[in-house]
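Quick notes on the structure that follows.
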Protein chains: 2
Amino acid sequence: MTDHSKLTRNQSLVVSALRESDAPLSAYMILDRLREDGFRAPLQVYRALDKLIERGLVHRLESLNAFVACRHDHSHGHSHGHQGGVVAFAICEDCGSVAEIDDPTINARLMALATDRHFKTEKTTIEMRGHCSACAGESHTPQA
Amino acid sequence: MTDHSKLTRNQSLVVSALRESDAPLSAYMILDRLREDGFRAPLQVYRALDKLIERGLVHRLESLNAFVACRHDHSHGHSHGHQGGVVAFAICEDCGSVAEIDDPTINARLMALATDRHFKTEKTTIEMRGHCSACAGESHTPQA
DNA sequence: TTCTTGTCGGTAATGTTATTACATTATTGT
DNA sequence: ACAATAATGTAATAACATTACCGACAAGAA
């Protein structure tokens with residue numbers, strides 16, 4: 001079931017750009033970074049992103065309209081998506097870092113809530129926005 | 001702590017538009033529906049939405065770039081946000097219906113995961129996309 | 001080979017969502 | 001009245017995403 005075919009040139013360039021970044025990138029940021037590699041139009045980016053997301057190599061962050069490379073293993077056999085199911089993201093508003101959290105408890109609970117309501121879930125988004133450990137200690141926006 | 005001041009004209013119009021809709025509306029859909037009430041520019045909608053969201057009268061659905069009126073009580077005293085904390089949404093791709101789910105278990109688990117990582121959460125988004133009970137039974141897109 | 005089919009890629013134009021900047025009007029507190 | 005604050009009006013533009021169309025190329029069938 002797993003698709004082992006190689007990435008195309010455009011797909012490789014896009015996923016590399018994301019891997020080299022320490023923060024999420026918007027499609028247009030990716031485009032800008034790949035101009036020197038011959039990218040000229042948004043669609044080249046969006047098409048590559050679609051495929052990469054399909055394979056689980058890239059995640060879309062809905063609350064940011066931006067994209068990150070997946071940090072999970074991906075060497076062995078699960079066609080796409082993650083083993084347990086949903087992944088949660090902890091996104092730092094200060095430094096842009098994104099942590100992927102794979103928690104079976106939350107996944108199980110969401111599944112239960114869905115089936116309670118006879119809701120057939122296709123895709124789930126969980127995104128926490130806030131401040132990572134590194135940034136939370138700093139002298140940021142001392143409130144009031 | 002709770003703010004009991006009345007809504008402005010624009011805010012009332014926007015929240016009414018959302019309440020009268022059985023599906024989420026984008027800012028521009030709201031704008032279109034309020035043209036006859038004198039709305040002329042996107043900013044009038046976005047400004048009203050900001051205030052309404054601040055008060056917890058409206059939710060933003062990140063995965064849709066759209067907005068819904070909050071269905072919770074809101075008569076008694078909680079300044080904004082919801083009692084337990086986070087709200088999850090079950091969004092039907094077929095009919096557009098949105099269910100609000102307030103689940104303490106998930107909330108608690110996310111809090112625990114955050115504190116584990118010394119992450120200070122400011123705002124959390126949970127959105128399930130799929131098919132509601134009414135639509136799941138229908139003869140939709142018979143797969144393959 | 002030739003034909004078809006499917007995937008990928010290039011380009012342009014357009015559609016959709018959201019913000020910045022600036023000027024004005026209404027409301028509130030003293 | 002007066003100053004301070006919040007809300008509004010308008011225009012322009014930025015940021016994000018898709019549709020439409022066309023060409024290149026590879027794999028399989030006739």
Side-chain angles (χ1 to χ4, degrees), chain A residues 3-18 21 23-55 57-68 91 93 96 123 125 127 129 144, chain B residues 3-18 21 23-55 57-68 80 93 96 123 125 127 129 144:
Chain A
D3 186 354
H4 285 298
S5 60
K6 281 185 63 74
L7 296 177
T8 66
R9 170 179 158 81
N10 285 3
Q11 289 162 17
S12 297
L13 287 167
V14 168
V15 78
S16 296
L18 287 172
S21 171
L25 297 178
S26 74
Y28 280 77
M29 285 165 150
I30 295 170
L31 176 57
D32 284 342
R33 296 186 183 206
L34 296 180
R35 297 250 185 229
E36 56 186 16
D37 297 289
F39 273 51
R40 309 186 131 263
L43 198 49
Q44 294 175 287
V45 177
Y46 284 110
R47 284 203 275 230
L49 285 171
D50 284 347
K51 296 297 178 186
L52 292 167
I53 290 168
E54 237 176 70
R55 292 179 174 225
L57 294 175
V58 165
H59 296 292
R60 178 190 175 96
L61 300 176
E62 300 286 356
S63 69
L64 251 39
N65 293 328
F67 305 84
V68 284
I91 304 164
E93 314 249 64
K123 187 182 181 308
T125 298
E127 296 176 19
R129 307 280 299 270
Chain B
D3 185 353
H4 284 299
S5 60
K6 280 183 64 75
L7 297 177
T8 66
R9 169 178 160 84
N10 285 3
Q11 290 162 16
S12 297
L13 287 167
V14 168
V15 78
S16 296
L18 287 172
S21 171
L25 297 177
S26 74
Y28 282 77
M29 285 165 152
I30 295 170
L31 175 57
D32 284 342
R33 295 186 183 206
L34 296 179
R35 296 251 185 228
E36 57 186 15
D37 297 289
F39 274 50
R40 311 189 129 262
L43 199 48
Q44 294 175 288
V45 177
Y46 283 109
R47 285 203 275 230
L49 286 171
D50 284 347
K51 296 298 179 187
L52 293 167
I53 289 168
E54 237 176 72
R55 292 179 175 225
L57 295 175
V58 166
H59 297 292
R60 177 191 176 95
L61 300 175
E62 301 286 356
S63 69
L64 251 39
N65 293 326
F67 306 85
V68 283
H80 74 87
E93 315 248 63
K123 186 181 182 311
T125 298
E127 295 176 18
R129 307 280 297 270

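Each chain gets a letter, A, B and so on, in the order the sequences are listed, and its residues count up from 1.
In this structure, B:Q11 places its CD atom 16 Å from P of C:dA26, rounding to the nearest Å. Atom pair A:E62:CD and C:dA18:P shows a separation of 12 Å (rounding to whole Å applied). Counting to the nearest Å, the P atom of D:dC16 and the CG atom of A:L64 are 10 Å from each other. The distance between atom CG of A:D50 and atom P of D:dT18, rounded to the nearest whole Å, is 7 Å. As rounded to whole Å, 10 Å separates atom C1' of D:dT8 from atom CZ of B:F39. The separation between A:L49 atom CG and C:dG9 atom C1' is 15 Å, rounded to whole Å. For the pair A:L13 CG and C:dC8 C1', the computed distance is 14 Å after rounding to whole Å. Regarding B:M29, its CE atom lies at a distance of 12 Å from the P atom of C:dA18, rounded to whole Å.
Although no hydrogens or angles enter the test, the distance criterion places no donor-acceptor pair under 3.5 Å between the side chain of A:Q44 and the main chain of A:N10. Looking at B:R129, its side chain does come within 3.5 Å of a backbone N or O of B:S63 through a donor-acceptor pair.
Nearest nucleotide to the B:Y46 side chain, out of C:dG9, C:dA18, C:dC22: C:dA18. If you check D:dC16, C:dG9, D:dA11 against the side chain of B:L43, the one that comes closest is D:dA11. Comparing D:dG9, C:dG10, C:dA18 against the side chain of A:R47 picks out C:dG10 as the nearest. Nearest to the side-chain atoms of A:A41 among the listed nucleotides D:dA17, C:dG10, C:dT11 stands C:dT11.
Annotation: side chain of B:L18 is in contact with side chain of B:L49 (closest heavy-atom distance under 4.5 Å). Under the 4.5 Å side-chain criterion, counting only non-hydrogen atoms from C-beta, B:S21 is in contact with B:R33. Residues A:L61 and A:E127 are in side-chain contact: their nearest non-hydrogen atoms beyond the backbone lie under 4.5 Å apart.
Taking CZ of B:R9 as the reference point, atom CG of B:D37 lies at 6.0 Å (rounded to 0.5 Å).
Between A:T8 and C:dC8, a side-chain N or O to OP1/OP2 separation shorter than 4.0 Å is absent. For the pair A:Q44 and C:dG10, the criterion of a side-chain N or O lying under 4.0 Å from OP1 or OP2 is met. Contact annotation: A:N65 side-chain N/O to D:dA17 OP1/OP2 distance is under 4.0 Å.
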When you compare the protein's N or O atoms with those of nucleotides 24-28 of chain D, which come within less than 3.5 Å of each other, and at what distance?
none

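The side chain to side chain contact (heavy atoms under 4.5 Å, CB included) test with A:F39 singles out one residue from A:L13, A:I30, A:D32, and that residue is A:L13.
In this structure, the aromatic ring of A:Y28 is positioned over the six-membered ring of the base of D:dC16, centres within 5.5 Å and planes within 30°.
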